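Working notes, structure below.
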4 protein chains.
Amino acid sequence: MPNKTFFHLTDEKRRRIVDAALQEFAAHSFNEASINRIIKHADIPKGSFYQYFKNKEDLYLYFLDEVSKEFTDPLLHEKEMYPDATFFEVIQHVNREVLKLKNIKPEYIEARMRMELDNNEFIRNIRKKSTEKYIKLIERDKARGIIKPDADAEILVDMIASFSLNERYRNKSGVEEYLRKLDIVLNIIKEGVAVAGDT
Amino acid sequence: MPNKTFFHLTDEKRRRIVDAALQEFAAHSFNEASINRIIKHADIPKGSFYQYFKNKEDLYLYFLDEVSKEFTDPLLHEKEMYPDATFFEVIQHVNREVLKLKNIKPEYIEARMRMELDNNEFIRNIRKKSTEKYIKLIERDKARGIIKPDADAEILVDMIASFSLNERYRNKSGVEEYLRKLDIVLNIIKEGVAVAGDT
Amino acid sequence: MPNKTFFHLTDEKRRRIVDAALQEFAAHSFNEASINRIIKHADIPKGSFYQYFKNKEDLYLYFLDEVSKEFTDPLLHEKEMYPDATFFEVIQHVNREVLKLKNIKPEYIEARMRMELDNNEFIRNIRKKSTEKYIKLIERDKARGIIKPDADAEILVDMIASFSLNERYRNKSGVEEYLRKLDIVLNIIKEGVAVAGDT
Amino acid sequence: MPNKTFFHLTDEKRRRIVDAALQEFAAHSFNEASINRIIKHADIPKGSFYQYFKNKEDLYLYFLDEVSKEFTDPLLHEKEMYPDATFFEVIQHVNREVLKLKNIKPEYIEARMRMELDNNEFIRNIRKKSTEKYIKLIERDKARGIIKPDADAEILVDMIASFSLNERYRNKSGVEEYLRKLDIVLNIIKEGVAVAGDT
DNA sequence: TATGAATGAGGATTCATTCAT
DNA sequence: CATGAATGAATCCTCATTCAT
């Protein structure tokens, strides 16, 4: 929702602004984020900033949109590349695609984690949309006899999502480390850890 | 680390201060938290505040300490009550004890979630200590033939911890709802969701 | 004093600009008035505005001129239609003409009231010119033996003018209400309110 | 409604602040008034200002209160000194008292005039209260056979009030000049200006 | 002539902390 | 010990005007 002026800027200038915003929103919550720091970092005058964006919230929403694309775009597109993949395969595939190919900056994870706290409507929507996609995959797998029919799909997605964010943010795992752990988690979820016959 | 003066206060006054801090730190991050609001809420003079605490950080660290007790104390104590319980039983038991008996205010969850972001050294320590306790339980269960010997204990704890916080904060589940979901999660982790023979 | 470019605009565009100015100057004093809001309201580019007017003051003076016409034009013209009317009849007639026929927007009154405060030279001139016209009428009525020869003409005009503006602005009287009260005021001024023999 | 801190200040400092506010609110409307100018003029730090007043409105309301006292206090008290005075005598008396004895600064008139425009609820209340006092006096004079029973009391008060403010603000009459004109106005209202038998 | 991007000064307000009483 | 007054830096945001295209 920036002003159209913003989109008429040179790519370089626009990139400076988005970068400055990323850096700021990665390190600070919405309230703490400082327009002053952003413009200083982006090296633009204060007046200009307010020509591009209506206010801090305007920048934030635009930023959320950009970040969310980074996270959900791959999901939406890649999934169709493997029409017969199981839920677990899609999770693995999407994670590998996004992390290995796109080289997501760690600041995105920081910012993403902060968004959880804001519990912004915008973010809730993105999360919901993404969750629904995965739930459908699970239901399909149930129908195909791959996942137990009484498994709670929503809880499954929540387990993976919360572990994923937690691991990448808190443990600051590198890509390889994270993907390795994700495989282990998926395996636990598939097979369980209890010794057979011990329930 | 408050001044000793603080501990000489009447219980009622001290409680007012801690309550005001809880309310503030539940709603705001460290930087956003306002001493002005806290003293107004606790109804103490500004000068007094700085007699009790060196500065905002001093209050914060003390507050973290108090909050963490709320979460870890039960773990440390209760666990010994059931010396033969499995890891899963202890998780369930501790959760039930803490949530049902102690009636933890939702503000604690909010504050707890914020602490994740701060990634404060203090908090990291608390988390580490708690994790270690659980890992030991898992190792014991492996030795007892209850948990598969090649299961990754740390990841197990992380899965449960991240789901737990996520569920209580983001989904704002009530106690019953949360305990119900936790049971499902534990079951998934124990048994897996894959249809047998499908691996 | 706008640029001649302004007068070459289509009537519609010019009207949009004057309307936007009216709305702005009715709600805000000169300093508070925002060119930004005016151009947004008039839907013209900022660059264009500064092509038509030198600056905010330029627009303001032009606007004052337009507004004053609304108020003084009728006076100047209508008076001659009834060459033998008394001062009081002219007052009544002009008020009726202006208010009933021309349907003056309430914004004009708001703007007019604001001008009082500005005490702008421009406005002072308009007021002076109008006052002089009325004083002449009073002097003629004195000569005709209709008004007491020792009545202070200037004060008379001031009484009516101040009541008139006050009533329309502050009490926000509708046209009928205002005309009714004006008649009462004129009657008081003519006849007095003291009970005869009581002086 | 300033903070009690404000009233603990030395008289000199408090006076500096009130003076600075008077000067500012005489020259500028509420919106235009600048806290920056006020504190510079009063020579106090910005932080201090906000310790005394909650915000600009807080200062404004306090200021209105002070100004209104200047105008209405005399009315309320003096009236009772002459229990049998007529409405006209009270008007004259109060005006003389206030203007001659209290030496009201011209800035008060400027500020008072601006308040008219703001049409603030606070001001409306003060005006209403004052109007009611006078209307009662008029009704008493009607009962005493001094004022014509069909005279419209409210309009009478409005005529005098609007002339009074107008004369003092716009014409910037000095005290003597104003009182002289007020007498003329009162006389016109009492006796009328029409030559007898001419209605 | 039409346009809209650039700009920095100025606006109100909040804040954590110090210090004198 | 208790108190609360003092402070200036930092916050977001609006503005009128200029100028290059």
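Just so it is clear, the values below take in all heavy atoms, side chains as well, and ignore hydrogens, waters and symmetry mates. Letters go in sequence order (proteins before strands), and every chain restarts at 1. Just so it is clear, the model here is predicted, and its values are computed rather than measured.
Going from atom NZ of D:Lys54 over to atom P of E:dT14 covers 10 Å, rounded to whole Å. Note: CG (A:Asn31) to P (E:dT13) measures 18 Å, nearest angstrom. We find that CD1 of A:Ile39 is positioned 9 Å from P of F:dC12, with the value rounded to whole Å. What separates CZ of B:Phe7 from P of F:dC1 is a distance of 14 Å, to the nearest Å. Summarising the geometry, the separation between CD on B:Gln51 and P on F:dA2 is reported as 6 Å, rounded to the nearest angstrom. Taking atom CZ of residue A:Phe49 and atom C1' of nucleotide E:dG8, one finds them 16 Å apart after rounding to whole Å. Distance CD (A:Glu24) to C1' (F:dT11): 12 Å, rounded to an integer number of Å.
Here E:dA2 is the nucleotide among E:dA6, E:dA2, F:dT18 with the atom lying nearest to any side-chain atom of C:Thr5. Nearest nucleotide to the A:Ser34 side chain, out of E:dT3, F:dC12, F:dA6: F:dC12. When distances run from any side-chain atom of A:Asn36 to the nucleotides E:dT1, E:dG11, F:dT11, the shortest one goes to F:dT11. Closest to the side chain of D:Tyr50, out of E:dT14, F:dA6, E:dA16, is E:dT14. Of the candidate nucleotides F:dA6, F:dC15, F:dT3, F:dT3 has the atom nearest to the side chain of B:Pro45.
Across all strands shown, E:dT21 forms a Watson-Crick or G-U wobble pair with F:dA2, both key distances being under 3.5 Å. Both distances falling under 3.5 Å, in either a Watson-Crick or a G-U wobble arrangement, place F:dT14 opposite E:dA9.
Closest approach of D:Ala20 to D:His41, counting heavy atoms only: CB-CB, 3.8 Å.
The residue among A:Leu9 and C:Ser48 whose nearest nucleotide of DNA chain E lies closer to the 5′ end is C:Ser48. Sequence order on DNA chain E of the closest nucleotides to D:Ile35 and A:Lys4 puts A:Lys4 first from the 5' end.
Using a 4.0 Å cut-off, no side-chain N or O of A:Lys40 falls inside it from OP1 or OP2 of F:dA10. The shortest distance between the side-chain N/O atoms of B:Lys46 and the OP1/OP2 oxygens of F:dG4 is not below 4.0 Å. Between B:Arg37 and E:dC15, a side-chain N or O to OP1/OP2 separation shorter than 4.0 Å is present.
Side-chain atoms of B:Asn31 and B:Lys56 include no donor-acceptor pair closer than 3.5 Å.
Note on A:Lys13: only backbone sugar-phosphate atoms sit closer than 4.0 angstrom, heavy atoms only; bases stay farther off. Residue contacts shown for A:Tyr52 are limited to sugar-phosphate atoms, with no base heavy atom under 4.0 Å away.
The only option from C:Gln23, C:Arg16, C:Arg15 that meets the side chain to side chain donor-acceptor pair (under 3.5 Å) definition with C:Asp19 turns out to be C:Arg15.
Figure legend: C:Lys172 and C:Tyr169 shown as a cation-pi pair, the cationic atom lying under 6.0 angstrom from the six-membered ring centre and within 45 degrees of its axis. For A:Lys4 and A:Phe6, the positive end is not near the middle of the six-membered ring at less than 6.0 Å and at most 45° from its axis.
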